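Since the structure comes first, as structure tokens, the remarks are kept for the end.
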Amino acid sequence: MEKPVLHSVLVIHSHGTHTLECHHGDNLRALLMRHQLSPYGQFSNFINCDGRGLCATCGVRIHNGPKPSHWHDKLADSFGYPRLSCQIQVFSDMTVKLIDGKIFWGQVWPSFSDHEA
């Protein structure tokens, strides 16, 4: 019997880092959710398409991982937009950064320091 191939996913977020282990081909969004590391924002945590690639709310930053293969993923990546975790399979070790302060898609609340007094 063959030994299953396992990969390590380093997840960076506002409270630190987690290293998750998963099987070859596991879905990134499902992996994150299984470990209570939601890729969603404040509101999209409750309103989302449940990983079908329709709502674009599960975006994460991929620092070390697969290159985009789907046209939508390639286009988003070329403009610097987050990549949809529901559309990424883990085929090797990778590093993922959750977007802190996300409201719905990828925008964040402005801080007071962003505005002049």
Side-chain angles (χ1 to χ4, degrees):
M1 186 170 174
E2 268 188 55
K3 191 174 181 181
V5 177
L6 298 176
H7 299 293
S8 182
V9 177
L10 175 64
V11 181
I12 302 167
H13 54 88
S14 61
H15 301 293
T17 62
H18 284 83
T19 301
L20 312 178
E21 195 170 78
C22 68
H23 290 96
H24 187 77
D26 276 358
N27 177 272
L28 180 58
R29 177 198 169 274
L31 175 68
L32 293 170
M33 296 300 287
R34 210 169 36 244
H35 292 276
Q36 288 80 45
L37 294 168
S38 176
Y40 296 108
Q42 179 180 346
F43 299 119
S44 57
N45 227 359
F46 305 103
I47 305 168
N48 60 69
C49 70
D50 202 28
R52 294 183 193 95
L54 302 172
C55 70
T57 60
C58 65
V60 296
R61 300 282 180 195
I62 306 292
H63 291 287
N64 176 30
K67 299 289 182 212
S69 58
H70 184 271
W71 71 267
H72 183 272
D73 201 19
K74 286 180 182 178
L75 185 63
D77 188 57
S78 71
F79 283 99
Y81 293 125
R83 294 176 57 196
L84 302 184
S85 61
C86 70
Q87 300 301 302
I88 297 174
Q89 289 181 283
V90 182
F91 292 120
S92 64
D93 292 352
M94 61 189 322
T95 301
V96 175
K97 183 173 188 317
L98 302 182
I99 300 169
D100 299 326
K102 187 191 309 183
I103 300 168
F104 201 82
W105 283 285
Q107 70 278 45
V108 294
W109 293 110
S111 67
F112 289 109
S113 63
D114 293 337
H115 301 286
E116 292 187 47

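In what follows, every heavy atom counts, from backbone to side chain, and hydrogens, waters and symmetry copies are set aside. In this text, all values refer to a predicted model and were calculated from it rather than measured experimentally. The first residue in the sequence is number 1, and the count goes up from there.
Looking at residues two or more places apart in sequence or on another chain, you find a side chain to side chain contact (heavy atoms under 4.5 Å, CB included) between Thr19 and Ser8, Leu10. For His18, the side-chain hydrogen bond (donor to acceptor under 3.5 Å, both in side chains) criterion is met by His13, not counting sequence neighbours. Shown here are the side chain to side chain contact (heavy atoms under 4.5 Å, CB included) partners of Ser92, two or more places apart in sequence or in another chain: there are none. Applying the salt bridge (Lys or Arg N to Asp or Glu O under 4.0 Å) criterion to Arg61, with sequence neighbours excluded, gives no partner residue.
Under the ring pair (Phe, Tyr, Trp, His ring centres under 6.0 Å) criterion, the residue pairs touching residues 74-101 are His24-Phe91, with sequence neighbours excluded. Sorted by first and then second residue, the salt bridge (charged side-chain N to carboxylate O under 4.0 Å, His left out) pairs with a member in residues 8-22 form an empty list; sequence neighbours excluded. Pairs engaging residues 72-90 under the salt bridge (charged side-chain N to carboxylate O under 4.0 Å, His left out) rule: Asp73-Arg83 [sequence neighbours left out].
Here the straight-line distance linking atom CE of Met33 with atom SG of Cys86 works out to 11.5 Å at 0.5 Å rounding.
Nearest approach of Ser78 to Leu75, heavy atoms of both residues: OG-O, 2.7 Å. Shown here for Pro4 and His23, the closest heavy-atom pair between the two residues is CB-CD2, 3.8 Å. Counting all heavy atoms, side chain and backbone alike, Pro82 lies closest to Ala76 at O-CB, 4.2 Å.
When hydrophobic side chains of Ile, Leu, Val, Met, Phe, Trp and Tyr are connected at separations under 4.5 Å, Ile62 ends up clustered with Val9, Val11, Leu20, Leu28, Leu31, Leu32, Leu37, Val60, Ile88, Val90, Met94, Val96, Leu98.
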